[in-house]
Amino acid sequence: MTRAHPLDPVALLGADQQHIATRAQLRRLGVPSGTIAHRLRPGGPWQQVLPRVICLQSGRLTVHQKLRAALAYASPKGRQPLPGEVLLTGFAVLADAGLPSAGHPADLAEVDVLIPARRRVGEREFVRIHRASGVMPGGFERDDGLWSATVARALADVAPRETGQRRFRALCAEAVQRRHCELGELLDQLLARPGALALPQVAGVVEDLTVGVRSVVEGEAREVLAHAGLPAPLWNPVLFLDGRFLAVPDAYWPHACVALEIDSRAYHLRPADHERGLTRANRLTSAGLPVVRTTPVQLRRDPAPVLHELTALVTTGPHGPHERISWRRAR
């Protein structure tokens, strides 16, 4: 068996690029076209994974190899892309950021790539192409050497295709909650695309985020309250009692001094978040504020009792320490 010399330039290239190379790179290293074709033969040691992109080994591609191959395919022919000229975007970015609703990076079936608008590259195999409407947005180099768009830009790129409003709402809420992007940055990216607000999933998320909703269950609760004809509350406001921090309830009606807390372990990021939610409700109750508590399941299946209690409190307020409470909107 013939083994590659440790200084073999092809072996070095493969080691540096996770065994993903372009045909142009191999030709620049002096590999003849006939040799490339021979090694790509059925049962050969190499495999063609995309047009112009070769894996210098056989077998199933790893996630990292798929990402690298997608970027290589979308890069300008015959040369290395400039830093930030081609970017990973979409679910490849969201899954890598750890957003639960984006799934695990190992489960990615497709790789989203962002390229300049004037480039002519078609979608092939597992590669989905997105084109920047103007100047390419700023990206960053990941620890693995691949270039990526920001989480906010990745959300904006998946928005037109993510017609499931519930999951898109969850993705945006998770990104803001986990501080992968600032609220203003996300809104800017979502609204930058012409006609963005004509997409129901984008319009709904923008409205939710603007009024302070920060989770899927809060968005669903907001819809339930609106359909019931209740006045719109503040969502996630910061409350102060006599000028000192008190709590951040899920929803609050300032004119009535009534709070709503939605209890759910499933929609808290960590168990500690759920415990803090319980502590928050206890602080509000101890301060004398009426607190209506519910769960996502109750709101979906039988919201009538909760709505009846809220209506009674909101229409008969103010209650408790109304004059001692001040508030600041969610950021």
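We find the CZ-CD distance between R167 and E162 to be 4.0 Å, quoted to the nearest 0.5 Å. A distance of 11.0 Å separates NZ in K77 from CZ in R120, rounded to the nearest 0.5 Å. Rounding to the nearest 0.5 Å gives a distance of 9.5 Å between CD of E185 and CG of L155. Here CZ of R161 is found 7.5 Å from CD of E110. Values are rounded to the nearest 0.5 Å. Atom CD1 of residue I129 and atom CZ of residue R124 lie 11.0 Å apart, to the nearest 0.5 angstrom. The distance from atom CD of E125 to atom CD of Q48, rounded to the nearest 0.5 Å, is 10.0 Å.
Around atom CZ of R244, no more than 12 heavy atoms belonging to other residues, nucleotides or ligands sit under 6.0 Å away. Counting non-hydrogen atoms of other residues, nucleotides and ligands closer than 6.0 Å to CZ of R128 gives a total above 12. Other residues, nucleotides and ligands contribute more than 12 heavy atoms inside 6.0 Å of the CZ atom of R131.
Counting only distance, with no hydrogens or angles, the side chain of R169 and the backbone of Q201 share no donor-acceptor pair below 3.5 Å. A distance-only check finds a donor-acceptor pair linking the side chain of K66 to the backbone of L108 [under 3.5 Å]. Looking at D250, its side chain does come within 3.5 Å of a backbone N or O of I262 through a donor-acceptor pair. With hydrogens and angles ignored, the 3.5 Å screen pairs a side-chain donor or acceptor of R119 with a backbone N or O of A74. Checked by atom type and distance alone, the side chain of H319 pairs as donor or acceptor with a backbone atom of L313 at under 3.5 Å.
Side-chain contact check for L225 versus L260: some heavy-atom pair is nearer than 4.5 Å. Taking 4.5 Å as the limit, every side-chain heavy atom of V291 sits out of range of all side-chain heavy atoms of P249. Considering only heavy atoms from C-beta on, T150 stays 4.5 Å or farther from P137 through its side chain. No side-chain heavy atom of R324 sits less than 4.5 Å from a side-chain heavy atom of C257. Taking 4.5 Å as the limit, some side-chain heavy atom of I36 sits within range of a side-chain heavy atom of W46. Side-chain contact between P83 and E141 is absent, with no heavy atoms from C-beta onward closer than 4.5 Å. Looking only at side-chain heavy atoms (C-beta outward), I54 and Q25 stay at 4.5 Å or farther from each other. Side-chain contact between L99 and R178 is present, with at least one heavy-atom pair separated by less than 4.5 Å.
Nearest heavy atoms, A196 versus V202: O-CB, 3.5 Å. Shortest non-hydrogen contact noted between L241 and A287 is CD2-CB, 4.0 Å. The two residues D302 and P305 have their closest heavy-atom pair at O-CD, 3.3 Å. Closest of all the heavy-atom pairs between R293 and Q298 is O-OE1, 4.5 Å. Residues F168 and A159 approach most closely at CZ-CB, 3.6 Å, considering heavy atoms. Heavy-atom minimum distance, H255 versus P231: CE1-CG, 4.4 Å.
Just one residue in the list V121, V53, L50 forms a side chain to side chain contact (heavy atoms under 4.5 Å, CB included) with V127, and that residue is L50. Checked options Q57, Q18, H19; the residue passing with Q65 is Q57 (criterion: side-chain hydrogen bond (donor to acceptor under 3.5 Å, both in side chains)).
Side-chain heavy atoms closer than 4.5 Å link hydrophobic residues (I, L, V, M, F, W, Y) into clusters, and following such links, possibly through other members, connects V158 to L209. Taking hydrophobic clusters as Ile, Leu, Val, Met, Phe, Trp and Tyr residues chained together by side-chain heavy-atom distances below 4.5 Å, L26 shares a cluster with L40. Criterion: ILVMFWY side-chain heavy atoms under 4.5 Å apart, direct or through other members. Under it, F140 and V113 are not part of a common hydrophobic cluster. Both F126 and L71 are assigned to one and the same hydrophobic cluster, defined by single-linkage of ILVMFWY side chains at heavy-atom distances under 4.5 Å. L246 and V238 fall into different hydrophobic clusters, where Ile, Leu, Val, Met, Phe, Trp and Tyr residues are linked whenever their side-chain heavy atoms come under 4.5 Å apart, directly or through other members.
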Side chains of residues 27-35: which donor-acceptor partners sit under 3.5 Å, not counting sequence neighbours?
residue: R27; atom: NE; partner: S33; partner atom: OG; Å: 3.4
residue: R27; atom: NH1; partner: V31; partner atom: O; Å: 2.8
residue: R28; atom: NH1; partner: G78; partner atom: O; Å: 3.1

Side-chain donor-acceptor distances from residues 85-93 under 3.5 Å, at least two apart:
residue: E85; atom: OE1; partner: R79; partner atom: NH1; Å: 3.2
residue: E85; atom: OE1; partner: L82; partner atom: N; Å: 2.7
residue: E85; atom: OE2; partner: R79; partner atom: NH2; Å: 2.8
residue: T89; atom: OG1; partner: D157; partner atom: OD2; Å: 2.7

Original post:
Yes or no on side-chain contact (heavy atoms from CB on, under 4.5 Å) for L239 and L289, after CA distance, side-chain angles and deciding distance?
Top reply: CA-CA 11 Å; L239 301 189; L289 276 77; 4.1 Å; yes
**OP:** Carefully, step by step, assess W253 and L310 under the rule side-chain contact (heavy atoms from CB on, under 4.5 Å).
**Re:** CA-CA 10 Å; W253 285 263; L310 280 173; 3.8 Å; yes
**OP:** Starting from the C-alpha separation in whole Å, work towards a yes-or-no answer on side-chain contact (heavy atoms from CB on, under 4.5 Å) for Q47 and L61.
**Re:** CA-CA 10 Å; Q47 57 180 314; L61 298 185; 4.1 Å; yes
Original post:
How far apart are the C-alpha atoms of V213 and N236, what are their side-chain angles, what is the distance that settles it, and do they pass the side-chain contact (heavy atoms from CB on, under 4.5 Å) test?
Top reply: CA-CA 7 Å; V213 168; N236 293 292; 5.6 Å; no
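Remark: E182 pairs with no residue by the salt bridge (charged side-chain N to carboxylate O under 4.0 Å, His left out) rule, at least two apart or across chains. Annotation: side-chain contact (heavy atoms from CB on, under 4.5 Å) contacts of A156 (sequence neighbours excluded): Q189, L190. Taking T315 as the reference, T311 meet the side-chain contact (heavy atoms from CB on, under 4.5 Å) condition, with sequence neighbours excluded.
Under a 4.5 Å side-chain heavy-atom cut-off, the cluster of Ile, Leu, Val, Met, Phe, Trp and Tyr residues that includes V297 has no other member.
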